[in-house]
Enquirer: 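Take a look at this one; I'll ask things after.
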Number of protein chains: 2
Amino acid sequence: MASTPKPAPAKGEQAAAPQGKPDRLDARMLETLVGYNARRAWLIVSAFFAERMAPYGLKQIDFSVLSLLAHNPGATSRQLCNALDILPPNLVSLVATLDSRGLIERRPHPHDGRAVGLHLTAAGEALIREAEQTVIQLEADASAKLTARERETLIRLLQKIYL
Amino acid sequence: MASTPKPAPAKGEQAAAPQGKPDRLDARMLETLVGYNARRAWLIVSAFFAERMAPYGLKQIDFSVLSLLAHNPGATSRQLCNALDILPPNLVSLVATLDSRGLIERRPHPHDGRAVGLHLTAAGEALIREAEQTVIQLEADASAKLTARERETLIRLLQKIYL
DNA sequence: TATTGTTATACTCTATAACTATA
DNA sequence: TATAGTTATAGAGTATAACAATA
């Protein structure tokens, strides 16, 4: 995922010879864009996530589903789709896998015969409890260059865009 | 892409009946995560981008390549890959398409016989000039709930994570 | 030997259409 | 008729291995 250690700019102001093949391209235009920056930052956090969550066998979407179920027992597939902005067909195999792993179970919905209530099993509860702690730590590490105050501000501003 | 207008919380403290199938699930845990929020915000901007840039026939990656070439004439595929964190095999067909559309052209690299210098054509220059203005506007619209000051802060904090 | 650009390929992610069973 | 869940499938996006030409 390229850490780009940044080999010290060194050049004071000079734009450098255009054909001179500088190691690092001028990306200043892209760096003024919220979309570009949000994606680049997300990619970094994702790399931390993939590495630290591999032991649990959880990808980001699995974690989100499990965490949502931990705080919303009995939620339906439809509700998960709405909450996570994913399409119903893409949730099917995901839920089936979590079920076959014994992390969740499907129970008939109390009020709607079409729907299925999703619940964490004891194993699912134990796993997500550990996983959430790991995610909290990985997030702290991925955003270590931010103060707690800055991190709160960052999240608040991101939410002003999508919430 | 779900606008989720937020129907006003209203409930003071109560956790609500777990099985009661609330329209909106409790996602407060996920909403404390930088990764989750960055992705959700990026998704919103992406939707604006896809809609407004469709007339130009440019996806985000195409725009990034063209914009980078506008400010770094003669850049190589390898440099674009490094700058955008994409893999060389995935850039090949992309560059080939931009070439066949007459937006860029490949010239032999002055100092390295293996490399190819990528340059915008006049048509490519004209297109990216317009496209950049459209992106600037779409970004402003997508982040309309932020003040100019907040938008700067957001970008600065995102860059502290990945730069 | 290392690097640039490339082909082929595979795996994941995301999207659409259509079906079933309930409501 | 509308909705929940599902199937099948198609299309992006992303990844690895291996090769030819050049350094």
Enquirer: Please find the pair of heavy atoms, one from B/L33 and one from B/M29, that lie closest to each other, and give the distance.
Expert: CG-O, 3.8 Å
Enquirer: Got a sec, which residues hit side-chain hydrogen bond (donor to acceptor under 3.5 Å, both in side chains) with A/E152, two or more places apart in sequence or on another chain?
Expert: none
Enquirer: What side chain to side chain donor-acceptor pair (under 3.5 Å) pairs are there with at least one residue in residues 87-97 of chain B, not counting sequence neighbours?
Expert: none
Enquirer: Rounded at 0.5 Å granularity, tell me how far NE2 in A/H109 sits from NE2 in A/H111.
Expert: 6.0 Å
Enquirer: Closest-nucleotide mapping onto DNA chain D: is A/V116 or B/I86 further toward the 5' terminus? I mean the 5' end.
Expert: A/V116
Enquirer: Side chains of B/Y56 and B/I128: closer than 4.5 Å at any heavy-atom pair?
Expert: no
Enquirer: Figure out the CG/P separation between A/L43 and C/dC13, and round it to whole Å.
Expert: 14 Å
Enquirer: May I ask you to check whether A/Q79 and A/N72 show a side-chain donor-acceptor distance below 3.5 Å?
Expert: no
Enquirer: From B/L58 CG over to B/R52 CZ, what is the distance, rounded to the nearest 0.5 angstrom?
Expert: 15.0 Å
Enquirer: For the residue pair B/Y162 and A/Y36, does the interplanar ring angle fall in the parallel (under 30°), tilted (30 to 60°) or perpendicular (over 60°) class?
Expert: perpendicular
Enquirer: Whole-Å distance between C/dC11 P and A/K59 NZ?
Expert: 13 Å
Enquirer: Give the angle between the helix axes at the two ends of the helix from C/dT1-D/dA23 to C/dA23-D/dT1, taking five base pairs at each end and rounding to 10°.
Expert: 0°
Enquirer: Please report, rounded to the nearest Å, how far the P atom of D/dT14 is from the CD atom of A/Q60.
Expert: 13 Å
Enquirer: Detail all sub-3.5 Å separations between protein N/O atoms and N/O atoms belonging to nucleotides 19-23 of chain C.
Expert:
unit_1, atom_1, unit_2, atom_2, d
C/dA23, OP1, A/G113, N, 2.7

Enquirer: CG of B/L80 versus C1' of C/dT6: gap in Å, rounded?
Expert: 16 Å
Enquirer: Would you say that B/Q159 contacts A/K145 through its side chain, given a criterion of any heavy-atom pair below 4.5 Å between the two side chains?
Expert: no
Enquirer: Starting at atom CG of B/D99, determine the distance to atom C1' of C/dT6, rounded to an integer number of angstrom.
Expert: 15 Å
Enquirer: Send over the distance from A/L118 CG to D/dA4 C1', rounded to a whole Å.
Expert: 12 Å
Enquirer: Looking at side-chain heavy atoms only, is the closest gap between A/E31 and B/L163 below 4.5 Å?
Expert: yes
Enquirer: Do the non-hydrogen side-chain atoms of A/V116 and A/P108 ever get within less than 4.5 Å of each other?
Expert: no
Enquirer: OP1, OP2 of C/dT6 versus side-chain N and O of B/R106: anything below 4.0 Å?
Expert: yes
Enquirer: Tell me which residues in residues 87-94 of chain B lie within less than 4.0 Å of DNA chain C, going by non-hydrogen atoms.
Expert: B/P88, B/P89, B/V92
Enquirer: Whole angstroms only, please: what is the CG-C1' distance between B/L58 and D/dA12?
Expert: 17 Å
Enquirer: In residues 62-70 of chain A, which residues come under 4.0 Å of DNA chain C by heavy atom?
Expert: none
